[in-house]
J.: 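I'd like to ask you about the structure that follows.
We count residues from 1, following the sequence as given. Read the numbers this way: they start at 1 and go in the same order the structure lists the ligands and their atoms. Since this is a predicted model, take the numbers as computed values, not measurements.
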Amino acid sequence: MKKIALITSGGDAPGMNAAIRAIVKTCLYYKITPFGIYDGYKGMMEGRGRQLNYSDVDNIIQYGGTILGSARAEEFYQVEGRQKAICFLKENNIDGLIVIGGDGTFAGAHLLGQEMKIPIIGIPGTIDNDIFGTEYTIGFDTAINTVIGAVDKIRDTASSHHRVFFVEVMGRDAGFIALASAVASGAESVLIPEETTDILKLVENIKNQGKNSSVILVAEGDDAGHAIDIMHKVKPYLKEYELRISVLGHIQRGGSPSAKDRIIATRMGNLAVELLRESKTNIIVVVKGDKLETCSISKAIKQHILPDMGFLKLIEVLRKK
Ligand code: F6P
């Protein structure tokens with residue numbers, strides 16, 4: 001293993017820079033050349049990348065985003081796109097590849113691994129925490145802390161004005177961010193893609209909670225729609241209430257990573273290089289309890305992970321007066 005390429009791909013997540021730093025420094029420790037490719041698979045297809053050194057990763061552990069850039073590259077899911085990427089990897093004598101990202105990133109890595117004999121290791125990096133096989137993905141802790149910071153502020157104004165707020169958080173396919181943030185911020189209700197939303201039940205909950213101010217967290221992928229749609233759906237039944245929405249959006253993806261994200265990202269980055277040195281391939285690094293283990297990429301992308309649905313009951317119990 002003389003040269004290892006790395007990419008960050010898909011939605012960026014706080015802690016990706018910590019993982020890049022750990023990969024680069026671990027490579028250099030073992031006299032392996034780290035080769036950074038810009039903007040994920042897009043840069044791989046366009047032939048954009050370069051050798052990295054200590055100076056590239058000095059003082060980046062505290063920054064959100066990714067110094068390598070990221071992208072969602074549809075063309076990579078076509079054979080022609082991957083052929084361009086393979087040419088670039090071959091031209092640059094890449095012996096191993098580390099991909100940091102979410103399920104789309106791993107699906108791309110799986111396809112690449114079938115067409116090119118190159119060892120590939122995945123590192124789960126997405127604020128959504130929705131990768132099968134791992135209890136944790138880089139960025140989740142920072143994102144939920146951003147959400148609860150925002151909800152705390154919203155609650156100040158919600159209670160002052162006796163208003164009901166629908167706060168929309170990220171999670172196109174998964175409710176991990178909404179559920180964890182709801183518990184941590186004391187939200188009165190939470191709506192997630194994994195559970196069918198019953199508008200009349202939601203109305204009853206708002207009416208029965210014994211106060212006219214509340215916060216309802218809505219995952220953007222909820223089946224009843226975005227926060228604004230849900231607000232319009234409940235409005236006819238809640239004429240005496242003042243309703244407002246707040247969409248937190250991409251602030252959830254930014255900011256300085258939490259200690260947890262920095263530590264896990266650093267451990268994962270280091271382990272990914274160690275695994276390539278041991279000739280391991282087609283696996284992702286996963287968190288199980290306090291330990292880092294591995295899971296095959298094919299398994300991780302084929303199975304869907306559910307959040308802890310027990311949180312819904314917890315929120316219901318705590319809502320009651
Ligand atoms: O994949 C993470 C994620 O933050 C999702 O929760 C969200 O739906 C999506 O990215 C937004 O992606 P984009 O930045 O392309 O709008």
J.: Among Val169, Leu179, Val167, which residue meets the side-chain contact (heavy atoms from CB on, under 4.5 Å) test with Val190?
T.: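 With Val190 as partner, side-chain contact (heavy atoms from CB on, under 4.5 Å) holds for just one option, Leu179.
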J.: Using a side-chain heavy atom cutoff under 4.5 Å and only I, L, V, M, F, W and Y, what cluster partners does Tyr63 have?
T.: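 ILVMFWY cluster around Tyr63 holds nothing else.
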J.: Under 4.5 Å side-chain heavy-atom separation, chaining through any Ile, Leu, Val, Met, Phe, Trp or Tyr, what else clusters with Ile263? Say none if it is isolated.
T.: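 Other cluster members: none.
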J.: Quick one: does Asp56's side chain have a donor or acceptor within less than 3.5 Å of a partner on Leu52's backbone?
T.: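 No, the answer is negative, given that no donor and acceptor are paired below the 3.5 Å cut-off.
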J.: Enumerate, one pair per line, all nitrogen or oxygen atoms of ligand 1 lying under 3.5 Å from a protein nitrogen or oxygen, stating the separation to 0.1 Å; write 'none' if no such pair exists.
T.:
from: ligand 1; atom 1: 1 (O); to: Asp128; atom 2: OD2; distance (Å): 3.2
from: ligand 1; atom 1: 4 (O); to: Arg253; atom 2: NH1; distance (Å): 3.1
from: ligand 1; atom 1: 6 (O); to: Asp128; atom 2: OD1; distance (Å): 2.7
from: ligand 1; atom 1: 6 (O); to: Asp128; atom 2: OD2; distance (Å): 3.1
from: ligand 1; atom 1: 6 (O); to: Gly171; atom 2: N; distance (Å): 3.2
from: ligand 1; atom 1: 6 (O); to: Glu220; atom 2: OE2; distance (Å): 3.4
from: ligand 1; atom 1: 8 (O); to: Glu220; atom 2: OE2; distance (Å): 2.3
from: ligand 1; atom 1: 10 (O); to: Arg72; atom 2: NH2; distance (Å): 3.0
from: ligand 1; atom 1: 10 (O); to: Arg253; atom 2: NH1; distance (Å): 2.9
from: ligand 1; atom 1: 12 (O); to: Arg72; atom 2: NH2; distance (Å): 2.9
from: ligand 1; atom 1: 12 (O); to: Arg253; atom 2: NH1; distance (Å): 3.4
from: ligand 1; atom 1: 14 (O); to: His250; atom 2: NE2; distance (Å): 2.9
from: ligand 1; atom 1: 14 (O); to: Arg253; atom 2: NH1; distance (Å): 3.0
from: ligand 1; atom 1: 14 (O); to: Arg253; atom 2: NH2; distance (Å): 2.8
from: ligand 1; atom 1: 15 (O); to: Arg72; atom 2: NE; distance (Å): 3.0
from: ligand 1; atom 1: 15 (O); to: Arg72; atom 2: NH2; distance (Å): 3.4
from: ligand 1; atom 1: 16 (O); to: His250; atom 2: NE2; distance (Å): 3.3

J.: Against the six-membered ring of Tyr30, is Arg277 placed for a cation-pi contact (under 6.0 Å from the centre, within 45° of the normal)?
T.: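 Yes, Arg277 lies over the aromatic ring of Tyr30.
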J.: Could you work out the complete set of other residues in the hydrophobic cluster of Tyr241, with links drawn between I, L, V, M, F, W and Y side chains under 4.5 Å apart?
T.: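 Under the 4.5 Å side-chain rule, Tyr241 groups with Val164, Phe166, Leu191, Ile199, Leu200, Leu202, Val203, Ile206, Ile216, Val218, Ile228, Ile230, Met231, Val234, Tyr237, Leu238, Leu243, Ile245, Val247.
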